[in-house]
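Below: one structure, written as C-alpha coordinates.
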Amino acid sequence: MSGPHSAEITATLADGRVVGGRVYRLVHGPQDLLSVWNARVVWDFAPAIGDAGAAGMDAALSALAGWLRREVPTTELSGDTAVQVTWPSHDVAVFPVLLAHGLVPTTVLATRPLGLSTLHRSTDVRVRKATMSDLDDVAKLAAEEMRFSAQVVGATPRDNADELIRINAERAVYFGGRVYLAELDGVAVGVAVCGVTDPADSPTLSRFLPAGTWGYLGQVAVQPNLRGQGVGAALAEGSLRLLEPGLEQGTFLFYDVANPLSSVFWPRRGYRPVQTRWICRPAANLR
Ligand SMILES: CC(C)(COP(=O)(O)OP(=O)(O)OC[C@H]1O[C@@H](n2cnc3c(N)ncnc32)[C@H](O)[C@@H]1OP(=O)(O)O)[C@@H](O)C(=O)NCCC(=O)NCCS
(Lines give C-alpha, C1' and ligand atoms only; values in the text may rest on other atoms or scores of the structure.)
Protein backbone atom coordinates (compact mmCIF):
# COMPACT_ATOMS: atom_id res chain seq x y z
CA MET A 1 0.00 0.00 0.00
CA SER A 2 1.33 3.45 -0.82
CA GLY A 3 0.48 6.91 0.44
CA PRO A 4 -0.69 9.91 -1.53
CA HIS A 5 1.59 11.05 -4.39
CA SER A 6 1.57 14.70 -3.54
CA ALA A 7 -0.17 17.04 -1.15
CA GLU A 8 -0.37 20.66 -0.10
CA ILE A 9 0.78 21.30 3.48
CA THR A 10 -0.32 24.42 5.35
CA ALA A 11 0.27 25.97 8.77
CA THR A 12 -0.73 29.30 10.27
CA LEU A 13 1.75 31.41 12.22
CA ALA A 14 0.83 33.34 15.38
CA ASP A 15 0.63 36.57 13.34
CA GLY A 16 -1.88 35.00 10.94
CA ARG A 17 0.49 34.38 8.04
CA VAL A 18 -0.06 31.06 6.24
CA VAL A 19 2.98 29.00 5.29
CA GLY A 20 3.47 25.43 4.08
CA GLY A 21 4.60 23.82 0.88
CA ARG A 22 4.04 20.89 -1.41
CA VAL A 23 5.25 17.37 -0.66
CA TYR A 24 5.88 14.88 -3.47
CA ARG A 25 6.34 11.13 -3.12
CA LEU A 26 9.32 10.04 -5.24
CA VAL A 27 9.91 6.33 -5.75
CA HIS A 28 13.36 5.17 -6.81
CA GLY A 29 12.57 1.67 -8.04
CA PRO A 30 15.04 -1.16 -8.74
CA GLN A 31 15.68 0.02 -12.32
CA ASP A 32 16.19 3.68 -11.39
CA LEU A 33 19.81 4.88 -11.37
CA LEU A 34 18.95 7.33 -8.58
CA SER A 35 18.24 4.36 -6.28
CA VAL A 36 22.03 3.92 -6.05
CA TRP A 37 22.32 7.11 -3.98
CA ASN A 38 18.77 7.64 -2.71
CA ALA A 39 16.23 5.90 -0.50
CA ARG A 40 13.52 3.88 -2.26
CA VAL A 41 10.78 6.25 -1.15
CA VAL A 42 11.64 9.93 -0.77
CA TRP A 43 9.15 12.51 0.49
CA ASP A 44 10.41 15.59 -1.32
CA PHE A 45 9.17 18.77 0.37
CA ALA A 46 9.21 22.15 -1.41
CA PRO A 47 8.59 24.73 1.35
CA ALA A 48 6.57 27.86 0.53
CA ILE A 49 7.26 30.17 3.45
CA GLY A 50 7.47 33.59 1.79
CA ASP A 51 9.49 35.91 4.00
CA ALA A 52 8.59 34.05 7.21
CA GLY A 53 12.18 32.79 7.67
CA ALA A 54 13.05 30.38 10.49
CA ALA A 55 9.61 30.63 12.14
CA GLY A 56 7.96 29.85 8.81
CA MET A 57 10.22 26.87 8.15
CA ASP A 58 9.62 25.57 11.68
CA ALA A 59 5.84 25.71 11.24
CA ALA A 60 5.97 24.19 7.73
CA LEU A 61 8.15 21.26 8.87
CA SER A 62 5.99 20.61 11.94
CA ALA A 63 2.93 20.53 9.68
CA LEU A 64 4.73 18.17 7.28
CA ALA A 65 5.72 15.81 10.13
CA GLY A 66 2.11 15.77 11.34
CA TRP A 67 0.77 15.15 7.84
CA LEU A 68 3.18 12.24 7.25
CA ARG A 69 2.12 10.58 10.51
CA ARG A 70 -1.57 11.03 9.77
CA GLU A 71 -1.73 10.26 6.05
CA VAL A 72 1.10 7.87 5.19
CA PRO A 73 1.33 4.14 6.02
CA THR A 74 4.14 3.30 8.47
CA THR A 75 5.91 1.16 5.83
CA GLU A 76 6.44 4.29 3.74
CA LEU A 77 8.07 6.10 6.66
CA SER A 78 10.41 3.41 7.99
CA GLY A 79 13.29 1.41 6.52
CA ASP A 80 14.57 2.61 3.15
CA THR A 81 12.72 5.97 3.18
CA ALA A 82 13.65 9.63 3.59
CA VAL A 83 12.34 13.17 3.75
CA GLN A 84 14.21 15.63 1.55
CA VAL A 85 14.22 19.44 1.57
CA THR A 86 16.28 21.53 -0.85
CA TRP A 87 16.89 25.08 0.32
CA PRO A 88 19.11 28.06 -0.70
CA SER A 89 22.63 27.37 0.54
CA HIS A 90 23.09 30.95 1.77
CA ASP A 91 19.93 31.15 3.89
CA VAL A 92 21.77 30.06 7.02
CA ALA A 93 19.12 31.61 9.31
CA VAL A 94 16.91 28.55 8.77
CA PHE A 95 19.67 25.95 9.27
CA PRO A 96 19.10 25.59 13.06
CA VAL A 97 15.44 24.81 12.34
CA LEU A 98 16.28 22.20 9.68
CA LEU A 99 18.72 20.52 12.08
CA ALA A 100 16.23 20.64 14.97
CA HIS A 101 13.68 18.78 12.83
CA GLY A 102 16.19 15.98 12.19
CA LEU A 103 17.41 16.97 8.71
CA VAL A 104 21.12 16.89 7.83
CA PRO A 105 22.81 18.62 4.88
CA THR A 106 24.05 16.09 2.34
CA THR A 107 24.44 17.48 -1.16
CA VAL A 108 25.07 20.86 -2.75
CA LEU A 109 23.91 22.06 -6.16
CA ALA A 110 26.74 24.30 -7.37
CA THR A 111 27.03 26.46 -10.49
CA ARG A 112 29.83 28.07 -12.41
CA PRO A 113 29.57 30.86 -14.98
CA LEU A 114 30.79 30.28 -18.52
CA GLY A 115 34.31 31.14 -19.56
CA LEU A 116 36.09 31.15 -16.19
CA SER A 117 39.71 30.27 -16.52
CA THR A 118 40.42 26.96 -14.81
CA LEU A 119 43.29 26.02 -12.56
CA HIS A 120 45.30 23.43 -14.33
CA ARG A 121 48.82 22.31 -13.67
CA SER A 122 50.38 21.01 -16.85
CA THR A 123 50.28 17.24 -16.99
CA ASP A 124 50.56 14.56 -19.64
CA VAL A 125 46.82 14.00 -19.42
CA ARG A 126 44.86 14.06 -22.66
CA VAL A 127 41.09 14.63 -22.53
CA ARG A 128 38.86 13.40 -25.33
CA LYS A 129 35.26 12.49 -26.06
CA ALA A 130 34.40 8.86 -25.28
CA THR A 131 32.94 6.61 -27.96
CA MET A 132 31.01 3.34 -27.70
CA SER A 133 34.28 1.40 -27.90
CA ASP A 134 35.31 3.05 -24.58
CA LEU A 135 32.23 1.78 -22.77
CA ASP A 136 34.07 -0.68 -20.50
CA ASP A 137 36.45 2.05 -19.28
CA VAL A 138 33.64 4.57 -18.85
CA ALA A 139 31.49 2.12 -16.87
CA LYS A 140 34.41 0.99 -14.67
CA LEU A 141 35.46 4.55 -13.78
CA ALA A 142 31.85 5.67 -13.25
CA ALA A 143 31.39 2.70 -10.89
CA GLU A 144 34.39 3.98 -8.88
CA GLU A 145 32.61 7.30 -8.42
CA MET A 146 29.41 5.51 -7.43
CA ARG A 147 31.15 3.39 -4.78
CA PHE A 148 32.92 6.39 -3.30
CA SER A 149 29.91 8.73 -3.16
CA ALA A 150 27.50 5.98 -2.00
CA GLN A 151 29.74 5.57 1.06
CA VAL A 152 29.90 9.33 1.61
CA VAL A 153 26.10 9.64 1.74
CA GLY A 154 25.56 6.30 3.52
CA ALA A 155 23.42 4.96 0.68
CA THR A 156 21.71 1.57 0.89
CA PRO A 157 23.80 -0.87 -1.23
CA ARG A 158 21.97 -2.05 -4.38
CA ASP A 159 22.82 -5.46 -5.91
CA ASN A 160 22.39 -4.09 -9.43
CA ALA A 161 24.32 -0.83 -8.92
CA ASP A 162 27.09 -1.71 -11.42
CA GLU A 163 24.52 -2.66 -14.02
CA LEU A 164 22.58 0.61 -13.55
CA ILE A 165 25.79 2.62 -13.82
CA ARG A 166 26.72 0.82 -17.02
CA ILE A 167 23.31 1.35 -18.63
CA ASN A 168 23.46 5.05 -17.78
CA ALA A 169 27.02 5.33 -19.13
CA GLU A 170 25.98 3.63 -22.35
CA ARG A 171 23.03 6.00 -22.84
CA ALA A 172 25.19 9.03 -22.06
CA VAL A 173 27.84 8.04 -24.62
CA TYR A 174 25.36 6.97 -27.29
CA PHE A 175 22.62 9.60 -27.00
CA GLY A 176 24.30 12.50 -25.18
CA GLY A 177 27.78 12.34 -26.71
CA ARG A 178 29.23 14.36 -23.84
CA VAL A 179 31.22 11.81 -21.90
CA TYR A 180 34.91 12.67 -21.59
CA LEU A 181 37.87 10.48 -20.78
CA ALA A 182 41.22 11.47 -19.31
CA GLU A 183 44.06 9.38 -20.69
CA LEU A 184 47.65 8.91 -19.57
CA ASP A 185 49.82 7.21 -22.17
CA GLY A 186 46.68 6.10 -23.99
CA VAL A 187 45.16 4.47 -20.87
CA ALA A 188 41.83 5.76 -19.53
CA VAL A 189 42.35 7.02 -15.97
CA GLY A 190 39.42 9.37 -15.42
CA VAL A 191 35.90 10.01 -16.63
CA ALA A 192 33.42 12.90 -16.67
CA VAL A 193 29.87 11.88 -17.59
CA CYS A 194 28.40 15.21 -18.71
CA GLY A 195 25.35 16.48 -20.55
CA VAL A 196 23.30 19.51 -21.54
CA THR A 197 19.86 20.35 -20.17
CA ASP A 198 17.34 23.19 -19.95
CA PRO A 199 15.75 23.49 -16.49
CA ALA A 200 12.56 24.67 -18.22
CA ASP A 201 12.04 21.00 -19.18
CA SER A 202 12.42 19.71 -15.60
CA PRO A 203 9.87 20.41 -12.85
CA THR A 204 12.59 19.86 -10.24
CA LEU A 205 15.51 21.79 -11.75
CA SER A 206 13.27 24.70 -12.75
CA ARG A 207 12.77 25.36 -9.02
CA PHE A 208 16.47 26.08 -8.67
CA LEU A 209 18.02 27.28 -11.95
CA PRO A 210 16.93 29.80 -14.59
CA ALA A 211 15.80 28.54 -18.01
CA GLY A 212 18.28 28.26 -20.86
CA THR A 213 20.82 25.63 -21.78
CA TRP A 214 23.15 24.54 -19.01
CA GLY A 215 25.93 21.98 -19.09
CA TYR A 216 26.17 19.56 -16.21
CA LEU A 217 28.88 17.32 -14.87
CA GLY A 218 27.30 14.13 -13.56
CA GLN A 219 29.70 11.44 -12.47
CA VAL A 220 33.36 12.50 -12.35
CA ALA A 221 36.10 10.16 -11.13
CA VAL A 222 39.80 9.49 -11.34
CA GLN A 223 41.23 6.01 -10.88
CA PRO A 224 41.87 5.66 -7.11
CA ASN A 225 45.67 5.13 -7.23
CA LEU A 226 46.15 8.26 -9.39
CA ARG A 227 44.11 10.75 -7.34
CA GLY A 228 45.77 13.88 -5.99
CA GLN A 229 48.25 14.12 -8.88
CA GLY A 230 46.52 16.60 -11.17
CA VAL A 231 44.53 14.19 -13.35
CA GLY A 232 41.18 15.48 -12.07
CA ALA A 233 42.19 19.11 -12.64
CA ALA A 234 43.15 18.34 -16.25
CA LEU A 235 39.96 16.31 -16.73
CA ALA A 236 37.76 19.14 -15.41
CA GLU A 237 39.52 21.72 -17.57
CA GLY A 238 39.35 19.55 -20.70
CA SER A 239 35.72 18.58 -20.13
CA LEU A 240 34.59 22.18 -19.63
CA ARG A 241 36.44 23.24 -22.77
CA LEU A 242 34.45 20.65 -24.73
CA LEU A 243 31.16 21.17 -22.88
CA GLU A 244 30.83 24.97 -22.70
CA PRO A 245 30.61 26.07 -26.36
CA GLY A 246 26.99 26.82 -27.31
CA LEU A 247 25.65 26.90 -23.74
CA GLU A 248 23.40 29.85 -22.79
CA GLN A 249 23.84 29.76 -19.01
CA GLY A 250 26.70 28.02 -17.22
CA THR A 251 27.49 24.60 -15.85
CA PHE A 252 26.26 22.91 -12.71
CA LEU A 253 26.97 19.82 -10.66
CA PHE A 254 26.15 18.22 -7.32
CA TYR A 255 28.76 17.45 -4.71
CA ASP A 256 28.35 15.94 -1.26
CA VAL A 257 29.29 18.14 1.67
CA ALA A 258 30.96 15.20 3.46
CA ASN A 259 33.07 14.23 0.42
CA PRO A 260 36.62 15.27 1.42
CA LEU A 261 37.78 15.26 -2.23
CA SER A 262 35.00 16.85 -4.27
CA SER A 263 34.04 19.46 -1.64
CA VAL A 264 37.56 20.91 -2.04
CA PHE A 265 38.00 20.16 -5.72
CA TRP A 266 34.88 21.84 -7.21
CA PRO A 267 34.98 25.15 -5.31
CA ARG A 268 38.64 25.45 -6.41
CA ARG A 269 37.34 25.22 -9.99
CA GLY A 270 34.84 28.05 -9.55
CA TYR A 271 31.70 26.15 -8.49
CA ARG A 272 29.64 27.99 -5.88
CA PRO A 273 26.84 26.53 -3.72
CA VAL A 274 23.33 27.54 -4.79
CA GLN A 275 21.02 25.03 -3.10
CA THR A 276 21.65 22.47 -0.37
CA ARG A 277 19.74 19.21 -0.05
CA TRP A 278 18.82 18.24 3.51
CA ILE A 279 17.80 14.66 4.30
CA CYS A 280 16.11 12.90 7.22
CA ARG A 281 16.28 9.08 7.20
CA PRO A 282 14.10 7.22 7.70
CA ALA A 283 11.19 9.56 7.03
CA ALA A 284 9.59 8.66 10.40
CA ASN A 285 12.48 10.47 12.14
CA LEU A 286 11.26 13.88 10.96
CA ARG A 287 10.36 15.82 14.09
C1 LIG B 1 37.41 14.46 -7.09
C2 LIG B 1 38.44 13.83 -8.06
C3 LIG B 1 37.78 13.61 -9.41
C4 LIG B 1 39.59 14.85 -8.21
O5 LIG B 1 40.56 14.26 -9.06
P6 LIG B 1 42.11 14.22 -8.62
O7 LIG B 1 42.90 13.70 -9.73
O8 LIG B 1 42.21 13.54 -7.30
O9 LIG B 1 42.36 15.79 -8.40
P10 LIG B 1 43.73 16.55 -8.61
O11 LIG B 1 44.89 15.68 -8.30
O12 LIG B 1 43.69 17.18 -9.95
O13 LIG B 1 43.64 17.61 -7.48
C14 LIG B 1 42.97 18.79 -7.68
C15 LIG B 1 43.15 19.64 -6.42
O16 LIG B 1 42.75 18.93 -5.26
C17 LIG B 1 43.83 18.92 -4.34
N18 LIG B 1 43.81 17.66 -3.64
C19 LIG B 1 44.31 16.52 -4.05
N20 LIG B 1 44.14 15.56 -3.10
C21 LIG B 1 43.49 16.15 -2.08
C22 LIG B 1 43.03 15.70 -0.82
N23 LIG B 1 43.28 14.46 -0.40
N24 LIG B 1 42.37 16.57 -0.03
C25 LIG B 1 42.15 17.83 -0.43
N26 LIG B 1 42.59 18.31 -1.61
C27 LIG B 1 43.26 17.49 -2.42
C28 LIG B 1 45.06 19.07 -5.17
O29 LIG B 1 46.11 19.61 -4.39
C30 LIG B 1 44.59 20.01 -6.21
O31 LIG B 1 44.62 21.30 -5.71
P32 LIG B 1 44.47 22.60 -6.64
O33 LIG B 1 43.02 22.70 -6.93
O34 LIG B 1 44.97 23.67 -5.81
O35 LIG B 1 45.25 22.33 -7.88
C36 LIG B 1 39.03 12.51 -7.50
O37 LIG B 1 39.63 12.75 -6.26
C38 LIG B 1 38.03 11.38 -7.35
O39 LIG B 1 37.86 10.58 -8.25
N40 LIG B 1 37.39 11.28 -6.15
C41 LIG B 1 36.45 10.18 -5.87
C42 LIG B 1 35.15 10.31 -6.62
C43 LIG B 1 34.51 11.66 -6.39
O44 LIG B 1 34.48 12.16 -5.28
N45 LIG B 1 33.99 12.25 -7.47
C46 LIG B 1 33.36 13.55 -7.45
C47 LIG B 1 31.91 13.43 -7.23
S48 LIG B 1 31.15 15.04 -7.37
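Below, all heavy atoms of this structure are taken into account, side chains as well, without hydrogens, waters or symmetry copies. These numbers were taken from a predicted model, which means no experiment stands behind them. Both ligands and their constituent atoms are indexed starting at 1 by order of listing.
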**Study point:** Option nearest atom 4 (C) of ligand 1 (shortest heavy-atom distance, choices Phe265, Tyr255, Phe148, Phe254)
**Key:** Phe265

Exercise for review: Name the option, out of Ala221, Gly228, Gly232, that contains the heavy atom nearest to atom 8 (O) of ligand 1.
Suggested key: Gly228

Enumerated ligand 1 atoms positioned under 4.0 Å from heavy atoms of [X]:
{"X": "Gln229", "answer": "11 (O)"}
{"X": "Leu261", "answer": "22 (C), 23 (N), 37 (O), 40 (N), 41 (C)"}
{"X": "Ala233", "answer": "12 (O)"}

Ion pair present between [X] and [Y], side-chain N to carboxylate O less than 4.0 angstrom?
{"X": "Asp162", "Y": "Lys140", "answer": "no"}
{"X": "Asp136", "Y": "Arg166", "answer": "yes"}
{"X": "Arg40", "Y": "Glu76", "answer": "no"}
{"X": "Asp134", "Y": "Lys129", "answer": "no"}

Side chain, backbone, both or neither: which applies to [X] and ligand 1 if a contact is any heavy-atom pair less than 4.0 Å apart?
{"X": "Gln219", "result": "neither"}
{"X": "Asn259", "result": "side chain"}
{"X": "Arg268", "result": "side chain"}

Test of proximity, [X] against ligand 1: N or O pairs below 3.5 Å:
{"X": "Ser262", "value": "no"}
{"X": "Trp266", "value": "no"}
{"X": "Glu145", "value": "no"}
{"X": "Val220", "value": "yes"}
{"X": "Val222", "value": "yes"}

Check your understanding: Under 3.5 Å, side chain of His101 to main-chain N/O of Arg287, donor-acceptor pair present?
Key -> yes

Review point. Counting N and O atoms only, with roles assigned by atom type, does the side chain of Asn259 sit under 3.5 Å from a partner on the main chain of Leu261, one being a donor and the other an acceptor?
Key: yes

Check your understanding: Just checking, any donor-acceptor pair under 3.5 angstrom between side chains of Ser202 and Thr204?
Key -> no

Review point. Has Gly230 got any heavy atom lying under 4.0 angstrom from an atom of ligand 1?
Key: yes

Check your understanding: So is Arg269 in contact with ligand 1, going by heavy-atom distances below 4.0 Å?
Key -> yes

Exercise for review: To the nearest 0.5 angstrom, please state how far the CD atom of Gln84 sits from the CG atom of Asp44.
Suggested key: 4.5 Å

Check your understanding: In Å and rounded to the nearest 0.5 Å, what is the CG to CE distance from Leu135 to Met132?
Key -> 5.5 Å

Practice item. Is it possible for you to check whether Arg178 lies under 6.0 Å from the centre of the six-membered ring of Tyr180, through NZ or CZ, and within 45° of that ring's axis? Key: no

